[in-house]
Amino acid sequence: TGLVLMLALPLILAAQAGCSEKYDRCPDCETGEDAPTDDGAAETEEDPIEEEARDVPAEEAPGCFLPDIDCEAGNHAEYGLCIPDANVIAVPAGSFTMGTDGGEDNPTHQVTLSAFTIDRFEVTVALYQSCVEAGCCTPPQYDGSYTGRQPYYGNDLFADYPVIFVDWNQAQAYCEGIGKNLPTEAQWEKAARGEDGRTYPWGNDLPAEAYLNYSSPIDGDTMEVGSHPAGASPYGAEDMVGNVWEWTADWYDPAYYASSPADDPTGPAIGVARVARGGGFASLGTPIRTYSRDSYHPMEAFATMGFRCAGE
């Protein structure tokens with residue numbers, strides 16, 4: 001981590017000056033768990049993205065105060081904003097196929113989950129900003145974006161874009177403030193692929209621009225959430241792959257699937273890195289598949305990392 005900071009510091013300064021250079025950490029590198037499949041991407045291929053890693057402690061929130069507001073029927077309040085109830089999706093209890101045949105750290109196995117809810121979209125800049133203003137969250141660790149859109153955080157132009165440059169602890173704090181949590185890895189995968197073992201949220205058709213924001217490591221960046229409804233999962237969750245990677249609740253262990261419980265797994269009890277899912281705007285190949293796993297230190301924050309929340 002110290003080495004990453006040493007390498008990233010000059011580039012951080014350049015980015016703050018409006019430079020859109022690529023950085024020293026790679027949340028879109030593939031893990032190589034499979035042989036090449038029908039989308040033609042070899043699993044050892046890595047996305048050419050290199051971006052800034054922020055690995056600094058987030059400041060503590062000054063004290064959380066949730067505004068008391070009345071929302072119209074069909075809406076609910078989150079940090080002082082009225083959100084359509086339809087933006088929270090119910091995922092029924094039941095079993096599904098998790099993992100993939102031949103996966104090194106994600107072999108196929110059956111998992112049974114209790115019913116849960118998950119956000120339809122990734123948490124937006126506007127929602128996260130309202131959490132900061134309520135004193136329940138701390139600001140993102142950088143206010144720009146991958147291509148130098150600055151300010152990104154706090155800019156009305158990007159209010160409905162996914163919040164980025166938040167580490168795992170900041171993401172979890174946001175979810176906890178409204179009585180939720182980050183989804184477990186199993187919850188995330190079921191919400192993304194349903195019960196039929198599909199490769200992508202929309203099915204098994206090859207990735208295309210109609211389905212997701214992906215494969216743009218040079219000049220790509222985040223898009224407004226919900227920009228690709230054709231890529232929704234069987235339950236209606238959108239942007240589950242592409243746009244930004246998403247933090248999950250679980251610690252990462254490459255051998256966890258071999259001994260994980262069949263019912264409501266919550267990940268290893270301890271670990272060094274947290275699981276991230278879904279790939280981002282620079283991803284192609286393995287990361288944008290519903291079963292793909294990756295992991296990052298919980299204090300790191302990226303231009304391609306966001307999150308969504310899950311509840312009971």
Side-chain angles (χ1 to χ4, degrees), residues 58 60-93 113-140 143 145 151-184 187-188 190-192 201 213 222-240 243-244 246-249 278 305-312:
E60 293 185 4
C64 186
F65 174 76
L66 297 179
D68 185 13
I69 64 170
D70 293 323
C71 296
E72 297 180 356
N75 295 270
H76 64 278
E78 291 188 13
Y79 294 112
L81 296 181
C82 290
I83 308 300
D85 292 343
N87 284 9
V88 178
I89 294 172
V91 180
L113 295 180
S114 303
F116 65 96
T117 65
I118 195 164
D119 293 349
R120 181 180 298 273
F121 306 115
E122 295 145 345
V123 172
T124 64
V125 169
L127 279 169
Y128 193 84
Q129 185 176 0
S130 68
C131 181
V132 173
E133 292 172 350
C136 307
C137 294
T138 56
D143 67 357
S145 77
Y152 175 85
Y153 173 75
N155 188 335
D156 289 344
L157 292 175
F158 306 114
D160 293 326
Y161 286 57
V163 69
I164 52 176
F165 282 116
V166 292
D167 66 24
W168 185 94
N169 297 289
Q170 291 175 290
Q172 176 64 11
Y174 175 96
C175 295
E176 287 181 351
I178 50 175
K180 299 182 180 182
N181 287 287
L182 290 169
T184 66
Q187 288 175 331
W188 190 99
K190 184 177 182 182
N213 175 20
T222 56
M223 298 177 109
E224 185 173 343
V225 301
S227 294
H228 298 84
S233 79
Y235 303 110
E238 300 188 32
D239 305 316
M240 291 296 285
N243 211 24
V244 290
E246 298 181 13
W247 289 114
T248 72
M305 185 76 77
F307 69 98
R308 71 182 73 211
C309 301
E312 297 180 353

V225/Y161 under side chain to side chain contact (heavy atoms under 4.5 Å, CB included): CA gap, chis, key distance, verdict | CA-CA 5 Å; V225 301; Y161 286 57; 5.9 Å; no
Smallest separation among heavy atoms of [X] and [Y], with atom names:
X	Y	result
A192	S233	O-CB, 3.4 Å
E224	D160	CG-O, 3.4 Å
A171	W247	CB-CD1, 4.0 Å
N169	D167	N-OD1, 3.0 Å
I69	A77	CG1-CB, 3.8 Å
I118	F116	CB-CE1, 4.3 Å

Flag for S145-Y153: side-chain donor and acceptor within less than 3.5 Å | no
Can any side-chain N or O of [X] pair as donor or acceptor with the backbone N or O of [Y] at less than 3.5 Å?
X	Y	result
T117	G311	yes
W188	L182	no
R308	R120	yes
N155	P151	yes
E133	S130	no
D239	G226	yes

Rounded to the nearest 0.5 angstrom, the NE2-CG distance for H76 and L81 is 10.5 Å
CD of E176 to CG of N181: how many Å apart, nearest 0.5 Å?
-> 6.0 Å
Parallel, tilted or perpendicular for Y174 and Y79, by the 30°/60° rule?
->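 Judged by the thresholds at 30° and 60°, the geometry between Y174 and Y79 is tilted.
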Does the side chain of [X] reach to within under 4.5 Å of the side chain of [Y], using non-hydrogen atoms?
X	Y	value
N213	H228	yes
P162	F307	no
E246	E122	yes
T222	V244	yes
K190	V91	yes
Q170	T138	yes
L127	E78	yes
F121	N87	yes

Is D119 salt-bridged to K180, cutoff N-O under 4.0 Å?
-> yes
Around D68, counting heavy atoms of other residues, nucleotides and ligands shown, do more than 12 lie under 6.0 Å from its CG?
->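 At most 12 heavy atoms, drawn from other residues, nucleotides or ligands, come within 6.0 Å of this atom.
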Considering only the SG atoms, does C131 lie under 2.5 Å from C136?
-> no
